[in-house]
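Letters A, B, ... mirror the listed sequences (proteins, then strands); counts begin at 1. Here the structure is a predicted model, which is why all the values come from computation and not from measurement. These values consider heavy atoms only, across backbone and side chains, with no hydrogens, waters or symmetry-generated copies.
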2 protein chains.
Amino acid sequence: MTSYVSHTSVDCGDAYALALFWSDVLGYRELPDEPLRAGDDECLIVDPGSGHQILFIEVPEPKSVKNRIHFDLRPREGTRAAELERRLELGATQVADHRGQCGPGTGWVILADPEGNEFCILRSEAESNAG
Amino acid sequence: MTSYVSHTSVDCGDAYALALFWSDVLGYRELPDEPLRAGDDECLIVDPGSGHQILFIEVPEPKSVKNRIHFDLRPREGTRAAELERRLELGATQVADHRGQCGPGTGWVILADPEGNEFCILRSEAESNAG
């Protein structure tokens, strides 16, 4: 007997703003019967491919320490460098740069979303396969 | 241009123990070329169905506040009550009980894994569909 992950929940201060940011990062969409609305204290987005869902839930307390759970991302196309540049333009901040720490082209960059939630960007599969 | 979630990372004190706990909860497996080994400071498990991966990474600092990111689970079969009982037997602890707060059969139970990471158990789809 096992369970499956119905959705991953993210505590936040502005559910709508964070849902828009992450929809852009991941290409997720609103559900047809649960449209994203400014001011809602819960906002759900879904991956049209896998069905993976993320639920943003407003909470009173602000983020105070490094999150113990985070997403590690790979660009669907293009390069880690281009994806990094795009995320920084759209409101992310860079936390640390661990590129190349295991040799040329390896490693990752740690970013934070507009509320400070850490996430990592790895190389795309095409980049990794190219060595 | 978007990215996809390659894996979700979980900071922890004992990567092997937590990987075993969550493998049992979710029915995830080790990767053939990355077997789970006691003592390893990183342990990766994967959903044989969706390919979703969780990476447990040992960190020096203990958990200090409620996690801002958590998983919400649904039993693949059976009931929320049976799943709850099984998880409590296997090392989870109950944090809060929000069952029935929106009417009979609704709501969820908040549990914590052996390191205190919160997760929720919702009703199975069959239970929800039964009303």
Which portion of A:Q53 sits near chain B, non-hydrogen atoms under 4.5 angstrom: neither

Side chain, backbone, both or neither of A:T8 within contact of chain B (heavy atoms, under 4.5 Å): both

Any A:D11 side-chain heavy atom under 4.5 Å of B:K66 side chain: yes

For B:N67 against A:R68, the heavy-atom pair lying closest together: OD1-CB, 3.9 Å

Interchain contact, A:D24 with chain B, by part (heavy-atom threshold 4.5 Å): backbone

Contacting moiety of A:L73, where chain B heavy atoms sit under 4.5 Å: both

Side-chain heavy atoms of A:H52 within contact of B:Y4, under 4.5 Å: no

Heavy-atom pair count under 4.5 Å with chain B, highest-scoring of A:I57, A:I54, A:D47, A:V10: A:V10

Verify same cluster id: B:I121, B:L88 (apolar side-chain graph, 4.5 Å): yes

Region of A:V5 that comes under 4.5 Å of a non-hydrogen atom in chain B: both

Hydrophobic cluster identity match, A:L31 and A:Y16, side-chain contacts under 4.5 Å: no

Common cluster, B:I45/B:F21, ILVMFWY with side-chain heavy-atom separation under 4.5 Å: yes

Interface moiety of B:R86 toward chain A, non-hydrogen atoms closer than 4.5 Å: side chain

For chain B, the option from A:E83, A:K63, A:R74 that forms the most heavy-atom pairs under 4.5 Å: A:R74

Trace of the side chain to side chain contact (heavy atoms under 4.5 Å, CB included) decision for A:R76 with B:M1: CA-CA 7 Å; A:R76 292 184 204 268; B:M1 181 174 178; over 6 Å; no

Distance (rounded to the nearest 0.5 Å) between B:S3 OG and A:R80 CZ: 12.0 Å

Nearest non-hydrogen partners of A:S64 and B:V65, listed with the distance: OG-CG1, 3.9 Å

Over 12 non-hydrogen atoms of neighbours within 6.0 angstrom of CD in A:Q94: yes

Proximal component of A:E115, with respect to chain B [non-hydrogen, under 4.5 Å]: side chain

In one Ile/Leu/Val/Met/Phe/Trp/Tyr side-chain cluster, 4.5 Å: B:L26, B:V46: no

Step-by-step side chain to side chain contact (heavy atoms under 4.5 Å, CB included) determination, A:I69 to B:E118: CA-CA 11 Å; A:I69 299 180; B:E118 298 85 0; over 6 Å; no

Residue pair A:H7 / B:L122: nearest heavy atoms and the distance that separates them: CE1-CD1, 3.8 Å

Single-linkage hydrophobic cluster, 4.5 Å side-chain cutoff, B:L84 and B:V25 together: yes

Separation between CZ of B:F71 and OG of A:S9, rounded to the nearest 0.5 Å: 10.5 Å

Contacting moiety of A:F119, where chain B heavy atoms sit under 4.5 Å: neither

Other residues, nucleotides, ligands: >12 heavy atoms within 6.0 Å of B:E77 CD: yes

